[in-house]
Amino acid sequence: MTEKVAVLGTGKIGEALLSGMIRGGWSPSDLLVTARRPERAEELRARYGVEAVSNAEAAKAAETLILTVKPQDMGALLDELAPHVPADRLVVSGAAGIPTSFFEARLAAGTPVVRVMTNTPALVDEAMSVISAGSHATEEHLAHTEAIFGGVGKTLRVPESQQDAATALSGSGPAYFYFLVEAMTDAGILLGLPRDKAHDLIVQAAIGAAVMLRDSDQHPVTLREAVTSPAGTTINAIRELESHGVRAALIAALEAARDRSRELASGNS
Ligand SMILES: NC(=O)C1=CN([C@@H]2O[C@H](COP(=O)(O)OP(=O)(O)OC[C@H]3O[C@@H](n4cnc5c(N)ncnc54)[C@H](O)[C@@H]3O)[C@@H](O)[C@H]2O)C=CC1
Ligand SMILES: O=C(O)[C@@H]1CCC=N1
């Protein structure tokens, strides 16, 4: 028997995962989706050839349920699902903040739950998906979750106590880089460059830096020092970044994201 996987609440993250699974070789006939709006269900059906069903039907038909609704909608989804989820289903949560104990308390005793924090680069198979086991999830459940999310990028197992920090770093992380590119493009405008050229220059600098960070085996400080010539241009920029407290701002920003992830733990805030 082929295993079925259902994505429940197929919005931005659910669709990114679904599209990646299909790119990675999953047959659309082994995938189910659920959506709140019928137009959205139809869109997913037309775009991917997957069947759109109700949450209850997904729970009955699929061995693995991947829940990708907003944290605030998770309680209502679980109320709807709980009577239909047999205890041998693997339930994977993609939601920020919500602990595995939240699911375990609302599902049949012994239901295996795995918590995953992925990110939007799943759309280009460059996601970072951080994975933690709930109290009934086994090695097999973790390996299965890694196989699914490994199709859209890298995976890393962490203790659940580190999930809020991971959410602040890699879950939200792409947004910080987009923000920096936006700000640096504005700087290019100030320096007299046309917007499209400023954008292209800074995006390519970001891609080059990202590839070197990943592939060079060198520490970020070493890489930065290689750019920073004595009495040169870069050190003048670095002095401004330090005097404006950019490092401290980033530390405070990620701490705020971590704290918000903790606040979302109840699923209804
Ligand atoms: N957007 C991001 O960068 C990331 C988001 N996440 C997490 O992924 C989850 C989803 O986020 P997004 O995809 O951005 O949100 P989204 O709003 O695009 O998708 C959620 C979808 O769930 C649907 N939905 C809500 N209740 C439903 C129900 N009872 N039955 C069926 N469908 C239902 C909504 O209509 C919506 O389409 C959140 O829990 C978020 O914390 C995790 C990592 C990154
Ligand atoms: O902003 C959020 O709450 C979600 C979770 C991580 C990225 N986006």
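Both counts, for ligands and for their atoms, begin at 1 and track the order of listing.
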- Message: If we only consider heavy atoms of P71, is any one of them less than 4.0 Å away from an atom in ligand 1?
- Response: yes
- Query: Counting each atom of ligand 1 from 1 as listed, which ones have a heavy atom of A35 under 4.0 Å away?
  - Reply: 31 (C), 32 (N)
- One finds that the ligand 2 atoms under 4.0 Å from a non-hydrogen atom of G171 are 6 (C), 7 (C)
- 4.5 Å side-chain heavy-atom contact, W26 and V50: no
- Item | Identity and separation of the nearest protein heavy atom to atom 3 (O) of ligand 1 | T120 CG2, 3.3 Å
- Atoms of ligand 1 under 4.0 Å from any heavy atom of A96, numbered from 1 in the order shown, are 39 (O), 41 (O)
- Item | Which of the ligand 2 atoms, numbered from 1, are nearer than 4.0 Å to a heavy atom of A96 | 5 (C)
- Note on the structure: Rounding to 0.5 Å, atoms CG (L65) and CZ (F103) come to a distance of 11.5 Å
- Sub-4.0 Å protein heavy atom next to atom 6 (C) of ligand 2: yes
- Can you pull out the closest protein heavy atom to atom 1 (O) of ligand 2? Residue, atom name and distance to 0.1 Å, please. S172 OG, 4.5 Å
- Query: With distance as the sole criterion, is a donor-acceptor pair present between the side chains of N55 and T34 under 3.5 Å?
  - Reply: yes
- Taking atom 10 (C) of ligand 1 as the reference point, the nearest protein heavy atom with its distance: T68 O, 3.1 Å
- The protein heavy atom nearest to atom 12 (P) of ligand 1 is K70 NZ, 3.7 Å
- Task: Say whether T118 and ligand 1 are in contact under the criterion: heavy-atom distance to a ligand atom below 4.0 Å.
- Result: yes
- Go through ligand 1 atom by atom and flag the ones less than 4.0 Å from a non-hydrogen atom of G94. 6 (N), 7 (C), 8 (O), 42 (C)
- Task: Report, as yes or no, whether the 6.0 Å neighbourhood of atom CG on D79 holds more than 12 heavy atoms from other residues, nucleotides or ligands.
- Result: yes
- Message: Would you compute the distance between atom CD of E43 and atom OG1 of T10 and round it to the nearest 0.5 angstrom?
- Response: 11.0 Å
- Subset of ligand 1 atoms that lie under 4.0 Å from at least one heavy atom of M117: 42 (C), 43 (C)
- Option of least heavy-atom distance to atom 29 (N) of ligand 1 (set: L44, N55, D73): N55
- Have a look at L67 and tell me which of V113, V92, V116, L78 forms a side-chain contact (heavy atoms from CB on, under 4.5 Å) with it. L78
- Rounded to the nearest 0.5 angstrom, the CD-OG distance for Q163 and S132 is 3.5 Å
- Message: Counting C-beta onward and ignoring hydrogens, is there a side-chain heavy-atom pair between D200 and Q204 closer than 4.5 Å?
- Response: no
- Test item: R89 and H84 side chains (from C-beta on) under 4.5 Å apart, heavy atoms: no
- Query: Looking only at protein heavy atoms, which one is nearest to atom 37 (O) of ligand 1, and how far off is it?
  - Reply: G11 CA, 3.7 Å
- Protein residue, atom and distance nearest to atom 13 (O) of ligand 1, heavy-atom basis: I13 N, 2.8 Å
- Task: Using the side-chain hydrogen bond (donor to acceptor under 3.5 Å, both in side chains) rule, collect all pairs that involve residues 96-108, keeping only residues at least two apart or in two chains.
- Result: T100-E160, E104-S135
- Message: Return the closest protein heavy atom for atom 9 (C) of ligand 1 as residue, atom name and distance.
- Response: V69 O, 3.5 Å
- Would you kindly confirm whether V152 and L90 end up in one hydrophobic cluster when ILVMFWY residues are joined by side chain heavy atoms under 4.5 Å apart? yes
- Note on the structure: The closest protein heavy-atom partner of atom 21 (C) of ligand 1 is G9 O, 3.6 Å
- Kindly indicate whether the side chain of V7, heavy atoms from C-beta on, has any atom under 4.5 Å from the side chain of T68. yes
- Closest to atom 26 (N) of ligand 1 among E15, R36, K12, R40 (heavy-atom distance): R36
- Message: Under a 4.0 angstrom heavy-atom cut-off, which atoms of ligand 1 come close to T34?
- Response: 31 (C)
